[in-house]
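Take a look at the structure below.
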Amino acid sequence: MVKQPIITVKNLVKKYGNFVAVDQVDFEVFEGEIFGLLGPNGAGKTTTLEILETLRDKTSGEVFVDGFSVDKDAGSIKKRIGVQLQAAGYYPNLTLTELIELFSGLYGVNVSPMEMLAKVSLTDKAKAKYKELSGGQKQRFSIATTLINNPRIVFLDEPTTGLDPQARRNLWDLIRSIRSEGTTVVITTHYMDEAEILCDRVAFVDAGKIIGIDSPDHFIDQLVASGFEREKQVKSANLEDVFINLTGKELREI
Amino acid sequence: MPQQYSNVKATLAMSKASFRSILRSPSAVVFTLAFPLIFILVFGFIGGGGIKLDVGVAKDNNQQNPIYQALKKIPAIRLVETQSAEEMKKDLEKGRLDGIIDIHTNPGKLPAYTVSVQYTKASLANGNILKSLLNNVFYQINMHAPGAPKPVAELRETTVEGRVYKTIDFILPGQLGFSLLSTGVFGTAFVFISLRLTLVIKRFFATPVQRFSIVLGEALARITFALIGALFIILIGHFAFGFTLIHGFITVINMLVLATVGVIVFMGFGFTISGIAKNETSVPPIANIVTLPQFLLSGTFFSINAFPSWLQPISKALPLTYLNDAMRKVAFEGAGLTDVSHQLLILAIWGIGIYAVAIKTFKWE
């Protein structure tokens, strides 16, 4: 099967005054894949993501999302994507059910709040307020709001930051299940183990430039082939495996 | 394909969410309902503190006569000498004057003075006080008249029909205005700054919703809430404290129309403040700069006529003054909306001005 690009970015530049946040970036995201944007803080990941999400103007370059140009068809793009923002809040004083109702109004679709909450296993929190949720539940709820309009692509900006290992694994399962429904996922993360397990392809971003795009396996093989060796030989398990082994995979949420 | 995107639906969804949120926010309920009701309760039960009687005196009266001089010495009596008979009669009916006296001098005859007093049912309690003060004055003058068997001065009293202008009739429109002011200014400013800072608005922008839907949805919710609050205050005032609604239902509708105009103007201040303020903690100081002067100087608690003359131009520049004024005219005097077009015009000018500023200062992100 030929891989069909669903997002095409050509020569993307974003400047804030003299500071170049995104510097002539080119990449494609293929339909149905989980694509990771990796890089240190301030590398320009979030800025790039927000340009694709039509939330931020670009300085120059071309961006097409599901065939629509961000310049001309931002409205059409917004209807086709789901966006989870880093640290975004939700309307105060409302329950999860009411928030889903609000978003279905904003997206102009009819969805059953319970069905949406069921997708992220939050039906028992239907009457809770967003601020009463645990970190993992908050992220799951955020992801539920991105699925309301049955999007072609979802953008997740550091969805697992600050979560415990159990909640992180739980979110990986959720992200995989979204992809298995045919939705393309674009994700940013600081956890390389996560990118390695989750992403089909990753792009490394540093100082506003993309310095490499490939599958995690390929990157690792290349590095090993170049003669790289870890200072300490890796054991067949790490401390996180021990953590999960000792505490179990059960989600720790009240 | 999905159905046509509906801005109306999005606006209503926004509105519904906002309204639910307002109802669950303690500060909105406290400012809009609890505060005004507490003030109404306090003033409704206490009434005015020190008594001042406004007594009209005919312009052509000879001010040298002993009765006039004696009345002038009584601190509780304020003699109003500048009005025409026509004006005095109107004010008497409205209860703005507690009585009108007309002192006739009868040269060479007895009684030497005839004093006609008109009281008003609009201010019966004050009329009674005036009556006893007058009796006191007459008693003294008659006693001092040397060896006179016949009364030197005679008192002739009549009472005119009028509506009772109660404390509540003054206090309630003022409190209503204050309620609308705080809902409009504080509510709007807090909501928009918090939606902006917590990135709620940013998340909305990732949906197909239009900006005007967000603002309009918020505004609809707030206006609805303010009107429900206003209706609540009017009804409690009417049934518990006898607040005068001259034409009943029509008066209530007119008051709600005025309330809508008022809250829309005040929301303009809220939008402006949400744009100027850096964070949530800087909202109250800025909002107080807008609300406090109006709270104190716009005739919320005291008639602006009671202020020193240098302060009155400031009072007369504030939008709440005109809202309060229009509310009182509509509720007590039975004025229609066309009768308060002057007040509405000034509110409209304020509205245009403040929204022009709001458009410049409002920030989405």
Side-chain angles (χ1 to χ4, degrees), chain A residues 46 49-57 65 68 73-111 113 129-131 138 141-142 145-146 148-157, chain B residues 1-30 187-218 220-222 225 279-280 364-365:
Chain A
T46 299
L49 219 52
E50 287 184 354
I51 292 168
L52 304 192
E53 292 160 353
T54 72
L55 291 178
R56 212 173 275 280
D57 291 330
V65 177
F68 295 96
D73 270 320
S76 304
I77 294 175
K78 284 177 194 208
K79 287 176 198 168
R80 283 168 170 76
I81 61 170
V83 173
Q84 184 250 352
L85 297 169
Q86 219 182 99
Y90 288 88
Y91 208 99
N93 300 325
L94 299 186
T95 66
L96 301 193
T97 309
E98 290 162 348
L99 285 171
I100 301 271
E101 282 173 15
L102 167 61
F103 274 100
S104 55
L106 297 183
Y107 279 112
V109 296
N110 291 316
V111 296
K129 311 260 167 74
Y130 178 75
K131 65 179 178 201
K138 280 183 176 161
F141 178 73
S142 289
T145 70
T146 70
I148 287 171
N149 55 335
N150 196 18
R152 304 263 295 133
I153 310 161
V154 295
F155 295 91
L156 308 175
D157 199 359
Chain B
M1 267 318 279
Q3 70 267 43
Q4 190 66 36
Y5 184 74
S6 158
N7 284 315
V8 176
K9 223 174 135 184
T11 308
L12 289 180
M14 194 62 232
S15 214
K16 192 172 165 189
S18 171
F19 189 71
R20 278 172 165 161
S21 182
I22 295 172
L23 285 184
R24 286 177 203 157
S25 119
S27 66
V29 177
V30 165
T188 311
F190 269 120
V191 161
F192 273 95
I193 199 154
S194 86
L195 294 187
R196 188 175 86 212
L197 295 179
T198 57
L199 303 184
V200 173
I201 289 191
K202 191 174 181 182
R203 178 66 185 85
F204 287 165
F205 283 168
T207 75
V209 71
Q210 301 286 316
R211 288 179 177 201
F212 73 80
S213 286
I214 299 177
V215 173
L216 196 65
E218 275 294 334
L220 278 178
R222 201 151 290 281
F225 178 69
N279 52 50
E280 273 156 313
W364 285 104
E365 294 179 41

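Any value given below was found using the heavy atoms of this structure, including those in side chains, with hydrogens, waters and symmetry copies removed. Letters go in sequence order (proteins before strands), and every chain restarts at 1.
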I'd like to verify something: which residue of B:Ser18, B:Ser213, B:Ser25 has the highest number of heavy-atom pairs under 4.5 Å with chain A?
B:Ser18

Can you list the residues that meet the salt bridge (charged side-chain N to carboxylate O under 4.0 Å, His left out) rule with B:Arg211, with sequence neighbours excluded?
none

Using non-hydrogen atoms and a 4.5 Å limit, figure out which bit of B:Thr11 sits close to chain A: side chain, backbone, both or neither.
neither

Segment of A:Ser76 engaging chain B (4.5 angstrom heavy-atom cut-off):
neither

Side-chain donor-acceptor pair under 3.5 Å between A:Thr46 and A:Asp157, yes or no?
yes

List for me each residue that meets ring-ring contact (aromatic ring centres under 6.0 Å, His included) alongside B:Phe192, sequence neighbours excluded, and say none if there are none.
B:Phe271, B:Phe362

Determine yes or no for a side-chain-to-main-chain donor-acceptor pair under 3.5 angstrom, with B:Arg203 supplying the side chain and A:Val83 the backbone.
yes

Honestly, the part of A:Phe155 sitting under 4.5 Å from a heavy atom of chain B is neither

Options A:Glu101, A:Glu50, A:Gln84, A:Glu98, ranked by heavy-atom pairs under 4.5 Å with chain B, top entry:
A:Glu98

Leading residue by heavy atom contact count with chain A [cutoff under 4.5 Å; candidates B:Thr207, B:Ile201, B:Thr198, B:Leu23]
B:Thr207

By a 4.5 Å heavy-atom criterion (distance strictly below it), what part of B:Lys16 contacts chain A: side chain, backbone, both, or neither?
side chain

Select, from A:Asn150, A:Leu94, A:Thr54, the one with the greatest count of heavy-atom pairs under 4.5 Å involving chain B.
A:Leu94

Taking side chain as everything from C-beta outward and backbone as N, CA, C, O, which of these in A:Thr145 sits under 4.5 Å from a heavy atom of chain B? Side chain, backbone, both or neither.
both

Report yes or no: does A:Asn110 contribute a side-chain atom to a donor-acceptor pair with the main-chain N or O of A:Ser104 at less than 3.5 Å?
no

Checking the side chain of B:Tyr5 only, and the main-chain atoms of A:Leu106 only, is there a donor and an acceptor separated by less than 3.5 Å?
yes

Contact between A:Phe68 and A:Ile81 at the side-chain level, heavy atoms closer than 4.5 Å - yes or no?
no

